[in-house]
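So the structure is just underneath, and the comments pick up after that.
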Amino acid sequence: MSQTFDYDLLIIGAGVGGHGAALHAVNCGLKTAIVEAADMGGTCVNRGCIPSKALLAASGRVRELRNAHHLKALGIQVSGVEFEREGIAAHANNLVSKIRGDLTNSLKRLGVDIIQGRGKVAGTQKVSVATSTGEKTFTAKDIIISSGSIPWVPPGIEVDGKTVFTSDDAIKLETLPEWIAIIGSGYIGLEFSDVYTALGCEVTMIEALDQLMPGFDRDIAKLAERVLIAPRDIETKVSTLASKVTPGSPVVIELSDAKTKEVIDVIEVDACLVATGRIPDTKDLGLEAVGVETDRRGFIPVNDQMAVLSGGEVVPHLWAIGDATGKMMLAHAASAQGVVAVENMCGRDRTVDYHSIPAAAFTHPEISFVGMTETAAKELGAAEGFEVGAVRSYFKGNSKAIAEGESDGIAKVIYRKDTGVVLGAHIMGLHASDLIHEASQAIAGRQSVNNLAYVVHAHPTLSEVLDEAYKRALTV
Ligand SMILES: Cc1cc2nc3c(=O)[nH]c(=O)nc-3n(C[C@H](O)[C@H](O)[C@H](O)COP(=O)(O)OP(=O)(O)OC[C@H]3O[C@@H](n4cnc5c(N)ncnc54)[C@H](O)[C@@H]3O)c2cc1C
Ligand SMILES: NC(=O)c1ccc[n+]([C@@H]2O[C@H](COP(=O)([O-])OP(=O)(O)OC[C@H]3O[C@@H](n4cnc5c(N)ncnc54)[C@H](O)[C@@H]3O)[C@@H](O)[C@H]2O)c1
């Protein structure tokens, strides 16, 4: 006799990963429940993508309207552009409420049970939830863990949430400090430096590695430094560790040489944003009940189908997705992983094609990429015996970008010289976060520049930047 369960699928964590998995599960006819300990929507909706993009949108508008030189070139004069910090903060906050409500309603509408409380794996196909009315236990044929991540604060840095804070507090925009130090030049450091400088703050950016934006393709990072850092009120310190940060007024930051660890300077600033990466939120999930150990950094080990592994073996009926797995800490990757987990639990073999998942930093102008950097592609080429080509095209040669008065930018396409297959694409420029999807599609379909160069693009459009790059690859 087949065993009966309370649910076909129970998901721990209602962030974008859990939400994406739930929607797909309902589509597949699974009776689904989702457990959330805090706010529906998780990091992305409440403290991440959504409020940060609202701040970037409003502050970007301020930057544009205050750029008299740029506007004059378009024949426009605007005087006395004012903004209210509270108004911008309210815009972000209202957007969060709206998207959180929409997300919650979408689940309710589809009949997904929402269980408020902290969930824990209590055994095979069993979850216990600490709710406000006591502990409850549910059985489910399959369980997905999507517990997400939290900011990582390096040792020596004390956070008080007021003068020294992580992005969790920065998105509230409670103050606009005259001088703010930002520790880390990754996504968060870069996006918040865009917000703060647009709103008149002076920024000191501290990066432990020997170059800014170490995760980005070198050409893009160099251009980003020229366009997003150098002309703005940003002082940068690379190869520098923020080894000790003490909150207060002023905030005192001890800076050390990243290699020798010797103290090299002490600075006093009005505030400090700690943007030094994120760690998985995987404590107290009851993983030991099913013999699962997280890796050294706390990530849950999974295979390509998103099944949880114990000692390299699949743990039946247990899946993990999103930031908790550390595969690719992006919202759309989390929800794509959720879809893949559901497909596999329904008996259809599917894996995530990380190579074709794009990423973007929503600075002004934006940066986006998909696939490999030129360096990584060349390493692979050397190992596998193929040559790598790299072509660049420029926004300053694109009619639409010039018409917009936004011609700072570059598109770079990396491909195999033998087959023409696209390996990576990197764009910095107006609407780069939208433009990248054409390259993602090309990578997903393993397409060649030899064919892509003949696909007709509308004129005049920003998309012609990629078209131009593909065409250049033909002649190289
Ligand atoms: C400032 C900032 C900006 C960002 N901007 C972008 C962006 O523009 N684009 C992008 O793609 N990504 C962005 N990200 C990253 C994105 O937010 C994450 O990749 C995404 O939220 C991961 O989704 P998730 O479902 O894995 O986890 P989360 O969104 O972290 O959700 C996990 C949920 O699980 C809940 N939970 C944890 N443990 C339990 C438990 N035991 N029981 C019940 N519930 C539990 C948590 O309360 C949380 O709600 C940004 C992140 C930050 C911090
Ligand atoms: N637009 C987006 O998609 C977006 C936006 C924001 C955040 N995110 C996600 O959130 C995650 C976290 O972002 P993040 O910017 O915090 O991390 P990150 O990993 O992108 O960058 C952290 C940077 O901090 C530096 N660093 C670490 N410790 C330091 C120290 N003590 N002193 C000086 N520098 C130090 C690191 O070298 C690194 O360059 C990202 O991995 C990303 O997945 C995405």
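The chain is numbered in sequence order, starting from 1. First listed ligand is number 1; within each ligand, the first listed atom is number 1. Only heavy atoms go into these numbers, but all of them, side chains included; no hydrogens, no water, no symmetry mates.
A salt bridge links R232 with D194: the closest approach of a Lys/Arg side-chain nitrogen to an acidic carboxylate oxygen falls below 4.0 angstrom. Here E174 pairs with K162 in a salt bridge; the nearest charged N to carboxylate O distance falls below 4.0 Å. By the 4.0 Å N-to-carboxylate-O rule, D8 lies too far from K31 to be salt-bridged with it. One finds a salt bridge joining K53 and E191 here, because a Lys/Arg side-chain nitrogen approaches an Asp/Glu carboxylate oxygen to under 4.0 Å.
Those atoms of ligand 2 with a heavy atom of I183 less than 4.0 angstrom away are 30 (C), 32 (N), 33 (C), 34 (N). Listed by number with element, the atoms of ligand 1 under 4.0 angstrom from any heavy atom of V35 are 43 (C), 44 (N). Residue contact check: R118 has heavy atoms under 4.0 Å from atoms 38 (N), 39 (C), 40 (C), 41 (N), 42 (N) of ligand 1. Atoms of ligand 2 found under 4.0 Å from any heavy atom of A360 (numbered from 1 in listed order, with element): 1 (N), 2 (C), 3 (O). Taking a cut-off of under 4.0 Å to the non-hydrogen atoms of G322, the atoms of ligand 1 that pass are 26 (O). In the vicinity of M329, heavy-atom distances shorter than 4.0 Å reach the ligand 1 atoms 15 (C), 19 (O). Atoms of ligand 1 lying under 4.0 Å from at least one heavy atom of S167, given by number and element, are 1 (C), 53 (C). Each of the atoms 37 (C) of ligand 1 lies under 4.0 Å from some heavy atom of D281. Set against the non-hydrogen atoms of S147, the atoms of ligand 1 under 4.0 Å away are 32 (C), 34 (O), 37 (C), 38 (N).
Residue-ligand proximity: G20 is placed with every non-hydrogen atom at 4.0 Å or more from ligand 1. Residue contacts with ligand 1: S149 is included, with a non-hydrogen atom under 4.0 Å away. Residue contacts with ligand 1 leave out H19, since none of its heavy atoms falls under 4.0 Å from the ligand. Taking a 4.0 Å cut-off on heavy atoms, M40 fails to register as neighbouring ligand 1.
Under 4.0 Å from ligand 1, the heavy atoms of I12 that appear belong solely to its side chain. Within the 4.0 Å heavy-atom criterion, the part of S52 lying near ligand 1 is the side chain and not the backbone. When non-hydrogen atoms are compared, ligand 1 lies under 4.0 Å from neither the backbone nor the side chain of Y187.
When all heavy atoms are compared, the tightest approach of P231 to R226 is CD-O, 3.1 Å.
Considering backbone and side-chain atoms together, E191 places an N or O closer than 3.5 Å to an N or O of ligand 2. Residue-to-ligand polar distances place H332 within reach of ligand 1: an N/O pair is separated by less than 3.5 Å. The shortest N or O to N or O distance between E36 and ligand 1 is below 3.5 Å. On a distance-only criterion, R278 and ligand 2 share no N/O pair closer than 3.5 Å. In terms of N/O distances under 3.5 Å, ligand 1 is not approached by R278. For ligand 2, the polar-atom distance check finds an N/O of M329 within less than 3.5 Å of one of the ligand's N/O atoms. Distances between N or O atoms of A334 and those of ligand 1 include no value under 3.5 Å. Ligand 2 has no nitrogen or oxygen under 3.5 angstrom from a nitrogen or oxygen of L209. Distances between N or O atoms of K53 and those of ligand 1 include at least one value under 3.5 Å. Taking only nitrogen or oxygen atoms, main chain and side chain alike, A242 reaches within less than 3.5 Å of ligand 2.
In this structure, the side chains of P177 and E202 stay at 4.5 Å or more apart for every pair of heavy atoms.
The main-chain N or O of S239 is never found under 3.5 Å from a side-chain atom of D210 such that the two would form a donor-acceptor pair. The backbone N or O of M205 sits nowhere less than 3.5 Å from a side-chain atom of T236 that would complete a donor-acceptor pair.
Across the listed options A258, A181, G184, G184 owns the non-hydrogen atom lying nearest to atom 23 (C) of ligand 2. Between K244, M328, M205, E207, it is E207 that holds the heavy atom closest to atom 38 (C) of ligand 2. Residue I188 holds the heavy atom nearest to atom 15 (O) of ligand 2 of all those in I367, L330, I188, T166.
Nearest to atom 10 (C) of ligand 1 among the protein's heavy atoms is A331 N, 3.5 Å.
E343 and H24 are linked by a side-chain donor-acceptor pair at a separation below 3.5 angstrom, with hydrogens and angles left out of the test.
Checking E135, K120, K136 one by one against S128, the side chain to side chain donor-acceptor pair (under 3.5 Å) holds for a single residue, E135.
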| said: For a side-chain contact (heavy atoms from CB on, under 4.5 Å) check, start with the C-alpha distance between V129 and R118, then their side-chain angles and the critical distance, and finish with the verdict. | reply: CA-CA 5 Å; V129 185; R118 182 155 288 277; 5.9 Å; no
